[in-house]
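In this text, all values refer to a predicted model and were calculated from it rather than measured experimentally. Below, chains carry the letters A, B, ... as their sequence lines are ordered, and counting in each starts from 1.
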There are 2 protein chains.
Amino acid sequence: MSSDMTQDAETDFIEGMGLILQSDGMPRIAGRLMGLFVLHGGPFSFTDLADRLAISRGSVSTNTRLLEDLGVIERVAMKGERQDFFRLAADPYAEIVERKRVRSIRAQESIRRNAETLDNIGPNGLKRVDELANFFGVLATATERALDDLRDGDGALPRTNRADTSMAAE
Amino acid sequence: MSSDMTQDAETDFIEGMGLILQSDGMPRIAGRLMGLFVLHGGPFSFTDLADRLAISRGSVSTNTRLLEDLGVIERVAMKGERQDFFRLAADPYAEIVERKRVRSIRAQESIRRNAETLDNIGPNGLKRVDELANFFGVLATATERALDDLRDGDGALPRTNRADTSMAAE
DNA sequence: TATTTTGTTCAATCTTGACTGAACGAACTG
DNA sequence: CAGTTCGTTCAGTCAAGATTGAACAAAATA
């Protein structure tokens with residue numbers, strides 16, 4: 001590695017996704033994986049992922065599971081192959097938004113619940129607590145509508161047969 | 001501190017806000033401060049904040065500045081007082097949402113920018129990159145509408161003269 | 001002017017979570 | 001069955017950020 005090296009555009013993209021997801025509280029490797037899958041779709045084998053991104057098998061295991069739980073990628077079995085394969089899911093982003101929504105709802109509920117046990121709080125205090133809870137309600141509503149937009153393909157290309165039929169990564 | 005001690009409801013609320021904001025990527029102390037201000041409005045003096053939350057003056061300085069930048073609280077000067085005072089802002093949550101919006105836009109732009117330099121990416125790849133960028137666009141739009149809801153006081157009490165006229169913390 | 005108060009800054013410490021790599025069991029292969 | 005491949009788990013390491021507390025400068029006080 002020379003010191004003035006500039007990596008290629010694909011690496012930039014993948015690393016960029018790593019940083020974006022990291023700034024959103026996710027592991028950087030999850031972002032890199034996501035970047036790779038967005039670029040190439042897949043399927044990629046378990047080992048292939050570790051090699052391409054130069055990460056440990058442990059990280060592949062942990063982060064593919066994370067992305068699988070989020071519905072970003074899906075695990076596929078391939079004829080004659082012992083390894084697990086992964087490819088970008090048909091609807092990769094819905095569950096991410098749904099999780100955000102649930103977290104806002106949880107916060108709102110937590111605040112209201114705590115507020116009930118509160119005493120010695122004047123009417124102004126109650127009002128401020130209510131506005132705080134409402135703030136998280138607004139966030140929940142916003143993510144809910146984002147979910148709708150995502151499903152309607154708002155601004156995006158219309159929903160087509162997203163699952164690749166070809167096996168080879170592009 | 002006895003081992004089976006249960007703190008009072010106010011402390012629960014404040015600590016709860018600490019955890020909620022921490023889960024959103026902010027310092028826990030910022031959340032605690034926010035909880036205190038929501039409960040009592042303020043104004044609180046700099047020293048008072050350090051005492052009530054049992055945190056260092058350094059943390060008070062850092063986190064009040066953070067919340068001030070976010071527009072959650074505002075610094076106020078009090079007649080005959082040398083210390084800085086802080087109180088909950090009139091519209092505490094707008095800037096938080098606006099920052100979320102900007103971050104989504106930035107991500108979208110970053111993706112599109114990186115995508116431009118990409119080559120050797122088939123039409124499917126381009127489509128997936130576009131859908132990814134669109135995803136962040138949807139998030140940006142959602143937060144934008146959340147901002148509107150917040151301004152309209154959607155679901156919340158109508159906008160009134162939020163700034164306390166009384167000096168004493170409730 | 002000397003002292004005190006006040007808020008900021010910064011080096012040091014602490015905490016949290018990500019990441020690695022080795023150990024492990026399961027499943028496959030020969 | 002012995003050896004290999006595969007994915008998961010977990011203890012250990014590492015990095016990033018939060019928090020503290022002392023040092024500092026500015027402003028007020030006496």
Atom [atom1] of [X] and atom [atom2] of [N]: how far apart are they, to the nearest Å?
{"X": "B/Asn63", "N": "C/dG7", "atom1": "CG", "atom2": "P", "result": "15 Å"}
{"X": "B/Ile55", "N": "D/dG21", "atom1": "CD1", "atom2": "P", "result": "12 Å"}
{"X": "B/Gln22", "N": "D/dA16", "atom1": "CD", "atom2": "C1'", "result": "14 Å"}
{"X": "B/Leu21", "N": "D/dG17", "atom1": "CG", "atom2": "P", "result": "17 Å"}
{"X": "B/Met78", "N": "C/dG7", "atom1": "CE", "atom2": "P", "result": "13 Å"}
{"X": "B/Ile29", "N": "C/dT16", "atom1": "CD1", "atom2": "P", "result": "13 Å"}
{"X": "B/Asp51", "N": "D/dT20", "atom1": "CG", "atom2": "C1'", "result": "15 Å"}
{"X": "B/Leu19", "N": "D/dA18", "atom1": "CG", "atom2": "P", "result": "15 Å"}

key: Verdict with supporting geometry, B/Lys100 and B/Asp24, salt bridge (Lys or Arg N to Asp or Glu O under 4.0 Å)   = CA-CA 11 Å; B/Lys100 286 179 188 286; B/Asp24 204 50; 3.2 Å; yes
key: B/Glu81 and B/Ser45: side chain donor to acceptor below 3.5 Å   =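 Their side chains do not contain a donor-acceptor pair, so the 3.5 Å distance test is not met.
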Can you pull every protein N or O that's under 3.5 Å from an N or O on nucleotides 4-13 of chain D?
{"from": "D/dT5", "atom 1": "O2", "to": "A/Arg82", "atom 2": "NH2", "distance (Å)": "3.0"}
{"from": "D/dG7", "atom 1": "OP1", "to": "A/Asp84", "atom 2": "N", "distance (Å)": "2.2"}
{"from": "D/dG7", "atom 1": "N7", "to": "A/Arg57", "atom 2": "NH1", "distance (Å)": "2.7"}
{"from": "D/dG7", "atom 1": "O6", "to": "A/Arg57", "atom 2": "NH2", "distance (Å)": "3.3"}
{"from": "D/dT8", "atom 1": "OP2", "to": "A/Ser61", "atom 2": "OG", "distance (Å)": "2.6"}
{"from": "D/dT8", "atom 1": "O5'", "to": "A/Ser61", "atom 2": "OG", "distance (Å)": "3.2"}
{"from": "D/dT9", "atom 1": "OP2", "to": "A/Arg65", "atom 2": "NH2", "distance (Å)": "3.0"}

request  = Look only at the side chain of A/Ser23 and the backbone of A/Ile20, and say whether a donor-acceptor pair between them is shorter than 3.5 Å.
outcome  = yes
inquiry  = Under a 3.5 Å distance rule, please check whether A/Thr143 uses its side chain to pair with a backbone N or O of A/Leu139 as donor and acceptor.
reply    = yes
inquiry  = When you compare the side chain of A/Leu36 with that of A/Phe44, does any pair of heavy atoms fall below 4.5 Å?
reply    = yes
message = So B/Tyr93 and A/Val138, do their side chains get closer than 4.5 Å, heavy atoms only?
response = no
